[in-house]
Amino acid sequence: MSSISFIGLGGMAHAIAARAVSGGHSVELIGRDPAKAKSLAAELGGGATAGTFGTVPAGDIVVLAVPYTSAVPVVARYGDALAGKVIIDISNTFNADATGLVTPDGTSGAQEIAKAAPASAHVVKAFNTVFGHVLIQERRLDVLFAGDDAGAKANVSVFIESLGLRPLDVGGLETARWLEGVGPLLMGLARNGAGTFDVALGVDFPG
């Protein structure tokens, strides 16, 4: 099993970390509020620990679980402390009313994060197409992911599978913009056609 560090202590971090603990991974939780990190680690159990914000994360995989508005500054703050890490960007980049994206045409939040990361780090976009409250339920869901480094994607795929989820590779990091575009789509579905936020997108393979 892998060592996984989470930067961020919100609902998505909680949901993914809970599955990671259940999957037998070593989990480190990092946030600006040390007391909150320790409290979440204690709640999760399974040997989960609280790390120190700004220092080298213990995990080979680092889940960047902060809002997009904070993501690039956090990665820049960490700098070389993220060298050699696989960074999973889970952020959504939609605007305040979830009708569009805040990133300019031709790029994505994941690509901007990759620009801020050390050259030896590899960013993979994943988990942003699943609501946290759905993810924490014990159901097998589809997780779409994108990245440029084959080795990093392979590691993330194995990690996703270990959480009892189905990993689906959608291509290079340039595809992350379209994964981020699923955010407004999913919000629109929840508010309209589904009529509930207890919904998840999945892929079917006919035949």
Side-chain angles (χ1 to χ4, degrees), residues 1-67 70-71 74-75 77-91 110 113-114 117-118 120-147 149-169:
M1 294 293 101
S2 300
S3 176
I4 315 295
S5 293
F6 291 81
I7 300 177
L9 304 171
M12 282 294 289
H14 187 176
I16 301 170
R19 282 190 177 252
V21 168
S22 295
H25 296 283
S26 175
V27 169
E28 178 186 44
L29 300 156
I30 304 167
R32 295 181 186 274
D33 184 341
K36 186 175 180 180
K38 291 178 181 178
S39 176
L40 181 54
E43 178 183 346
L44 292 174
T49 61
T52 301
F53 185 82
T55 62
V56 178
D60 297 321
I61 294 176
V62 177
V63 179
L64 185 63
V66 298
S70 302
V74 166
V75 170
R77 161 77 183 273
Y78 268 80
D80 288 341
L82 295 175
K85 304 291 186 181
V86 174
I87 302 170
I88 300 180
D89 164 36
I90 72 169
S91 68
I113 289 167
S120 62
H122 300 292
V123 174
V124 176
K125 187 80 183 187
F127 293 103
N128 75 295
T129 59
V130 186
F131 287 129
H133 71 277
V134 175
L135 185 61
I136 206 164
Q137 299 171 20
E138 294 182 1
R139 290 192 284 173
R140 185 168 174 82
L141 305 167
D142 288 343
V143 175
L144 310 180
F145 67 97
D149 184 81
K153 288 205 293 184
N155 289 340
V156 170
S157 181
V158 170
F159 173 57
I160 293 170
E161 186 75 38
S162 76
L163 305 185
L165 304 165
R166 183 171 69 160
L168 295 172
D169 184 350

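When a residue number appears, it is its place in the shown sequence, counting from 1.
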Validation row: Leu165, Leu135 side chains within 4.5 angstrom (heavy atoms): yes

Least distance between heavy atoms, Ala110 atom then Val123 atom: O-CG1, 3.9 Å

Audit row: Asp169, Phe145, side chain to side chain contact (heavy atoms under 4.5 Å, CB included) steps and yes/no: CA-CA 5 Å; Asp169 184 350; Phe145 67 97; 3.5 Å; yes

From NE2 (His14) to CG (Leu9), nearest 0.5 Å: 11.0 Å

Chi angles and distances behind the side chain to side chain contact (heavy atoms under 4.5 Å, CB included) call for His122, Val124: CA-CA 7 Å; His122 300 292; Val124 176; 5.5 Å; no

Minimal non-hydrogen separation, Ala48 against Val21, with atom names: CB-CG2, 4.5 Å

Ser157 side chain vs Lys153 backbone, donor-acceptor pair below 3.5 Å: no

Residue that, paired with Arg32, satisfies side-chain contact (heavy atoms from CB on, under 4.5 Å) out of Val74, Ile7, Val66: Val74

Test log, rule side chain to side chain contact (heavy atoms under 4.5 Å, CB included), inputs Ile88 and Phe159: CA-CA 11 Å; Ile88 300 180; Phe159 173 57; 4.0 Å; yes

Interatomic distance, Ile4 atom CD1 to Ile61 atom CD1 [nearest 0.5 angstrom]: 4.0 Å

For the student: nearest non-hydrogen atoms of His25 and Ser162, plus distance: NE2-OG, 2.6 Å

Residue pair Val63 / Met12, side-chain heavy-atom distance below 4.5 Å: no

Flag, side chain of Arg139 to backbone of Gly164, donor-acceptor distance under 3.5 Å: no

Nearest heavy atoms of Ala20 and Val27, plus distance in Å: CB-CG2, 3.8 Å

Approximate separation, where rounding is to 0.5 Å, of Ile160 CD1 and Leu141 CG: 11.5 Å

Within-4.5 Å side-chain heavy-atom neighbours: Ile30 and Ser5: yes

Side chain to side chain, Lys125 and Ser91, heavy atoms closer than 4.5 Å: yes

Euclidean distance, Lys38 NZ relative to Asp33 CG, rounded to 0.5 Å: 10.5 Å

Minimum heavy-atom distance Pro118-Asp80, with the two atoms named: CG-CA, 4.0 Å

Inter-residue atom distance Ile16.CD1 - Ile90.CD1, 0.5 Å rounding: 4.5 Å

Pairwise distance CG(Leu29) to CG(Leu40) - rounded to 0.5 angstrom: 4.5 Å

Nearest non-hydrogen partners of Gly31 and Ala37, listed with the distance: N-CB, 4.4 Å

Heavy-atom side-chain contact between Tyr78 and Ile87 under 4.5 Å: no

